[in-house]
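In the text below, chain A, chain B and the rest are named by the order of the sequence lines, each starting its count at 1.
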Amino acid sequence: MPELPEVESVVRVLAPRITGRRLQRIDVASRKPWARMIGPAEGQQVRRVRRYGKYILFDLDEGLLAVHLGMTGKLLVNADPGPHARAVLVFDGVNVVYDDVRQFGSMRWLPHEPEGLGPDALEVAAADFARMLLARKGRIKALLLNQAFLRGLGNIYSDEALFRAGIHPLAEAGRLSRRRILRLHSAIKQVLEQAIAKGGSSISDYLDPDGRRGWFQIEHRVYGRAGEPCKRCGARIRRILVAQRSTHFCPQCQRK
DNA sequence: TGGAATGTTCGGCT
DNA sequence: AAGCCGAACATTCC
């Protein structure tokens with residue numbers, strides 16, 4: 001469920017309600033390895049809640065609590081822990097339930113920000129983006145999914161950005177013209193900002209911490225639309241596999 | 001029944 | 001060495 005716009009939506013709901021509160025304790029139900037890496041977070045005050053790529057970071061007096069929602073993770077404010085609740089963050093006055101059906105997500109205390117990630121997809125400057133991209137070999141779609149290259153994009157928004165930029169997902173990254181790279185840079189920014197404005201995409205089960213869904217899925221032009229007509233030219237949207245992920249594109253609007 | 005699902009990581013190969 | 005591939009993780013849904 002969670003790419004940059006969904007994570008940003010989660011942070012915007014959580015920040016005003018959690019900032020300044022003390023994390024009294026964490027009730028852990030998960031048996032995953034991360035479940036034993038949260039101890040230092042207990043008892044600390046939350047200085048700030050922010051997004052870092054696809055991570056939700058709770059800055060503490062010492063270090064931070066880093067939450068990654070994986071595919072099906074949710075943070076729910078004052079909810080009843082259901083069968084898939086993996087942990088409950090107990091603050092003074094507020095509870096946050098960490099629910100995750102597939103358990104691909106994690107929640108752990110770290111001494112500092114996660115390392116090894118590229119610049120944030122919403123913050124990277126056009127010139128830097130172009131320079132980074134031109135230094136790379138390989139398929140553009142795979143590169144956009146690579147968090148070490150750029151942090152925040154996932155499968156939905158990579159496809160949507162490539163469509164909006166008119167670039168084929170199998171295009172060789174380092175061989176794109178400067179002009180098309182700049183077009184991609186603005187498409188990424190535009191689609192992410194529009195998605196945030198709609199509260200993200202609720203394809204199957206994404207909900208914000210108040211249990212509200214996002215509505216950007218209505219604006220999807222290619223993701224999940226295989227076989228349907230392109231909204232720009234009418235051609236059938238195609239679905240192929242790139243980097244083992246479903247990849248949707250218009251063969252007419254996104255020529256190789 | 002098999003396949004696919006908003007993600008990441010690891011081992012092996014070229 | 002960078003990039004690609006397949007598998008693994010775990011659960012649900014169609």
Side chain to side chain donor-acceptor pair (under 3.5 Å) between A:Ser30 and A:Tyr98, intermediate numbers included = CA-CA 10 Å; A:Ser30 174; A:Tyr98 169 43; over 6 Å; no
Under 4.0 Å: is that the gap between some side-chain N or O of A:Lys32 and OP1 or OP2 of C:dC9?
-> no
Do we see A:Phe104 stacking on the base of C:dC9, given a limit of 5.5 Å between centres and 30° between planes?
-> yes
Below 3.5 Å between N/O atoms, which protein atoms pair up with nucleotides 1-5 of chain B? Just atom names and distances, please.
residue, atom, partner, partner atom, Å
B:dA5, OP1, A:Ser246, OG, 2.3
B:dA5, OP2, A:Ser246, OG, 3.3
B:dA5, O3', A:Tyr223, OH, 3.4
B:dA5, N3, A:Arg102, NH1, 3.4

Re C:dA10: Watson-Crick or G-U wobble partner, both distances kept under 3.5 Å, found to be none
Whole angstrom is fine here: how far is it from OH in A:Tyr157 over to P in B:dG7?
-> 10 Å
Give a yes/no answer on whether the side chain of A:His84 brings an N or O atom under 4.0 Å of OP1 or OP2 in C:dT11.
-> no
Is there a donor-acceptor contact under 3.5 Å linking the side chains of A:His248 and A:Asp159?
-> yes
Pick the P atom in B:dG3 and in C:dG6, then give their distance to the nearest Å.
-> 14 Å
Take atom CZ of A:Arg151 and atom P of B:dG7, then tell me their distance rounded to the nearest Å.
-> 16 Å
Side-chain donor-acceptor pair under 3.5 Å between A:Lys141 and A:Asn155, yes or no?
-> yes
Heavy-atom neighbours of A:Lys189 NZ exceed 12 at 6.0 Å = yes
The answer to which of A:Arg86 and A:Lys137 contacts DNA chain C further toward the 5' end, by nearest nucleotide, is A:Lys137
Take atom CG of A:Leu170 and atom C1' of C:dG3, then tell me their distance rounded to the nearest Å.
-> 14 Å
Heavy-atom neighbours of A:Asp92 CG exceed 12 at 6.0 Å | yes
Separation of B:dG7 C1' from A:Glu6 CD (nearest whole Å) = 13 Å
Atom-to-atom span, NE2 of A:His68 to C1' of C:dA10 - whole angstrom | 16 Å
Salt bridge flag under 4.0 Å for residues A:Arg213 and A:Asp208 = no
To the nearest Å, how far apart are A:Met132 CE and C:dA2 C1'?
-> 15 Å
Think A:Arg136 has a side-chain N or O under 4.0 angstrom from the OP1 or OP2 of C:dA2?
-> no
Any chance the rings of A:Tyr206 and A:Trp215 have centres within less than 6.0 Å?
-> no
Would you say a side-chain N or O of A:Gln103 is under 4.0 Å from OP1 or OP2 of C:dT11?
-> yes
Return the value, rounded to whole Å, for the distance between atom CG of A:Asn146 and atom P of C:dA2.
-> 12 Å
Quickly work out the A:Arg139 CZ to C:dA2 P distance and round it to whole Å.
-> 18 Å
